[in-house]
Protein chains: 2
Amino acid sequence: MSTIREVGKRAGVSVATVSRVLNNKGYVHEDTRKAVTLAIKELDYKPNSVARSLSKKTSKTIGFLIPDITNPFFPQLVRAVEDVMYPAGYTTMLFNSDENLLHELEYIEGMTSKYIDGFIIASNTLQWEHLKGLHVPVVALDRAMDERISSVTIDNYEGSKKAIKYMIDRGCRQIAHIEGPPHVFTSMERKRAYLDSMNDHKLPVLLQQGQYEIEQGMVSTMKILSEHPEVDGIFAGNDVMAIGALKAASKLGIKVPEELSVMGFDGVKWGTLVTPELTTMQQPIYYMGQRAAELLLDRIQNVHSKVEHHQLHAELKVRQSVR
Amino acid sequence: MSTIREVGKRAGVSVATVSRVLNNKGYVHEDTRKAVTLAIKELDYKPNSVARSLSKKTSKTIGFLIPDITNPFFPQLVRAVEDVMYPAGYTTMLFNSDENLLHELEYIEGMTSKYIDGFIIASNTLQWEHLKGLHVPVVALDRAMDERISSVTIDNYEGSKKAIKYMIDRGCRQIAHIEGPPHVFTSMERKRAYLDSMNDHKLPVLLQQGQYEIEQGMVSTMKILSEHPEVDGIFAGNDVMAIGALKAASKLGIKVPEELSVMGFDGVKWGTLVTPELTTMQQPIYYMGQRAAELLLDRIQNVHSKVEHHQLHAELKVRQSVR
DNA sequence: TTGTAGGCGTTATCAT
DNA sequence: ATGATAACGCCTACAA
């Protein structure tokens, strides 16, 4: 690896000049520029990012915190973020936190000492208090965090209400809800919508705790159906649990959608692979990641950019699991 | 952010001493150590990783190249790698290359200028020639690359032979194979096993090109079944395509496994969610990631560690899609 | 046991 | 238009 110094020597100029041509900054005579460019080519010189970072206090890197890449919702998000960040010259560091606050704080601290340029946070445990000390922009993804932190979310409440309304329209009268994990933003919103809907329509409430995982969807459904055979519809907290519900129904010999309707939320790809295909609320997952990345980029590059909150919408995807 | 210099001043010692206690290196009197530790606490000093990197030419970071996180095989791999790297003090940078050589080379170059400590490569385009110039260890994952590069693979050939033998044992006589992408290591091995098996058993060969994607699995299956209705078994290049095959059969009203057997390869989680559940060759996916990470760590930390090739085995998972 | 000082590779401020 | 040189924050001979 050659250094800027060697390039300078070879081109017969000082490091300052080389730096100037490297960064297109300040005046430099056309001839010298050519000489320097040539020397760079000849030596196959590549600027050292670390040295550059130390000097500029920036790393062209962003951190992306997610709960768990193994949950099928996140790969698309990750892909989207990388797809906008990389062409913009930024590399993104992924971190699976399992919603563990300590790990997240540790990670953020580590990244800070690397002069990271910003964060996208799609996990739910971090709050404004933990982040306010940071001197870099943050955008919350798939959750609202605080007025002062940019966010990209979908309207989970509205989406859930639509989903449930559809179930009711299709004749469901005993709708149970499998909740997502307790302190997760999307989970709370969806539950709230369920409760309000049941209340509005004077329908009975039947809640079952879940975990955004297939097994939980199965277990919860088993429990619901054995204890409340009258249930004719399940509004699952997300697609993964809905798929678990389908699985459970099939194991119990209960026909979906004839005897039981199942509604998911998310619109992950796998929803079309199960039988029957999952009726669900489709989120613009990739687009959410894209927007979050663009927002962050703007906050990083444009001093005047301000906090923004983007609220997107989920769309009913009628397939086969609701009668 | 305070610096080592400020800590030194506060503790009444030089930066060298602070550095010594920071790194537990060299002699330092117990009292001074205490004083320094106190100063560190008081100032809430955190070492600056970038400065450290510049000085030590190491970044405690590794790069992980995969084709596409959106393929359900990779999230588990990524998770496994991170799960061993992070506790060891290394952060991992993910890169989705879509098997694009130029992007991969560009990425590697960028990472090199960041003093990256090593790479795990799970994509198929990079070859020894591209990597031999690197001064950091590399391990190939899910593919063999070269004798000189450590690797963690499973025996795709043996596994595929097992899979096909099982299909034949179960009575299949007209087995088609949906190939994975042309230049992908796993894909070539599986195809080779298919061809050899057909030859060994004097059975007819029927190949169809595919792409490791659901849609391709569907399309290829449609094509196979319409042109060769006599086919009674499909050995798909991977699970994702096998799921596509299931989907296609269902659309065509062909019963699996009664009229058509479908065999996958990989053992991704979603194989149990489709109906019928997918019979497949289960790879120890998480373990592969783990081993690769451990191998790399060893190469990084232990000067004497040598190139190693780990060959693991896939296991037949009998479920419902083969009669 | 501790301190001084040079080096890691770039950027950026002053002079010239 | 170009060159010296001091940062950036840390590590590590080498001296003391």
Side-chain angles (χ1 to χ4, degrees), chain A residues 1-37 39-40 43-61 89 109-117 135-136, chain B residues 1-37 39-40 43-61 89 109-117 135-136:
Chain A
M1 288 283 90
S2 44
T3 74
I4 204 176
R5 195 150 270 111
E6 310 180 66
V7 173
K9 190 172 299 172
R10 176 144 196 145
V13 301
S14 75
V15 295
T17 304
V18 178
S19 179
R20 284 192 197 95
V21 349
L22 239 32
N23 302 290
N24 281 308
K25 222 176 219 168
Y27 302 89
V28 35
H29 192 91
E30 193 48 35
D31 294 349
T32 21
R33 171 184 311 281
K34 281 206 178 104
V36 170
T37 312
I40 289 176
L43 294 174
D44 189 31
Y45 164 80
K46 309 271 189 283
N48 179 313
S49 311
V50 177
R52 187 170 276 179
S53 284
L54 182 60
S55 173
K56 311 225 308 183
K57 294 175 179 306
T58 183
S59 63
K60 293 291 207 166
T61 303
E109 187 179 303
M111 291 306 107
T112 301
S113 86
K114 284 189 152 75
Y115 289 139
I116 203 108
D117 296 315
H135 295 157
V136 297
Chain B
M1 287 282 90
S2 45
T3 74
I4 203 177
R5 193 149 271 111
E6 309 181 65
V7 173
K9 189 171 299 171
R10 175 144 198 145
V13 302
S14 76
V15 295
T17 304
V18 178
S19 178
R20 285 192 195 95
V21 348
L22 239 32
N23 302 291
N24 281 309
K25 220 176 222 167
Y27 301 89
V28 33
H29 191 90
E30 192 49 34
D31 293 350
T32 23
R33 171 184 311 282
K34 281 205 177 109
V36 170
T37 310
I40 288 176
L43 293 174
D44 189 30
Y45 165 81
K46 310 271 190 280
N48 179 314
S49 311
V50 177
R52 187 171 276 179
S53 284
L54 182 60
S55 172
K56 311 227 308 183
K57 294 173 178 307
T58 184
S59 63
K60 292 291 210 166
T61 304
E109 187 179 304
M111 291 306 107
T112 302
S113 87
K114 284 190 152 77
Y115 289 139
I116 203 107
D117 295 316
H135 296 157
V136 296

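Throughout, protein chains are lettered first and strands after them, A, B, ... in sequence-line order, and every chain is numbered starting at 1.
With D/dT2, C/dT2, D/dG3 as the candidates, the nucleotide lying closest to the side chain of A/V13 is D/dG3.
Taking 4.5 Å as the limit, every side-chain heavy atom of A/K46 sits out of range of all side-chain heavy atoms of B/T112. Contact check for A/N48 versus B/Y115: side-chain heavy atoms found under the 4.5 Å cut-off. Looking only at side-chain heavy atoms (C-beta outward), A/K114 and A/T61 stay at 4.5 Å or farther from each other.
Here A/G12 lies in heavy-atom contact (under 4.0 Å) with sugar-phosphate atoms only. Within 4.0 Å of A/S53, counting heavy atoms only, lies no atom of the nucleic acid at all.
Put simply, the residue from A/I40, A/V18, A/T17 that forms a side-chain contact (heavy atoms from CB on, under 4.5 Å) with A/I4 is A/V18.
Between B/T17 and C/dG3, a side-chain N or O to OP1/OP2 separation shorter than 4.0 Å is present.
When rounded to the nearest whole Å, the span between OH of B/Y27 and C1' of D/dA15 equals 17 Å.
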Practice task
Test A/E30 against A/R33 for salt bridge (Lys or Arg N to Asp or Glu O under 4.0 Å), laying out the working first.
Solution key: CA-CA 5 Å; A/E30 193 48 35; A/R33 171 184 311 281; 3.8 Å; yes

Exercise for the section: Check the pair A/V13, A/H29 against side chain to side chain contact (heavy atoms under 4.5 Å, CB included), reporting the backbone distance first and the verdict last. Expected result: CA-CA 12 Å; A/V13 301; A/H29 192 91; over 6 Å; no

Completion exercise
Reading nucleotides 8-16 of chain C from 5' to 3' and marking B where a protein heavy atom lies under 4.0 Å of the base, S where only the sugar-phosphate is that close, and - otherwise, the string is BBBSB----

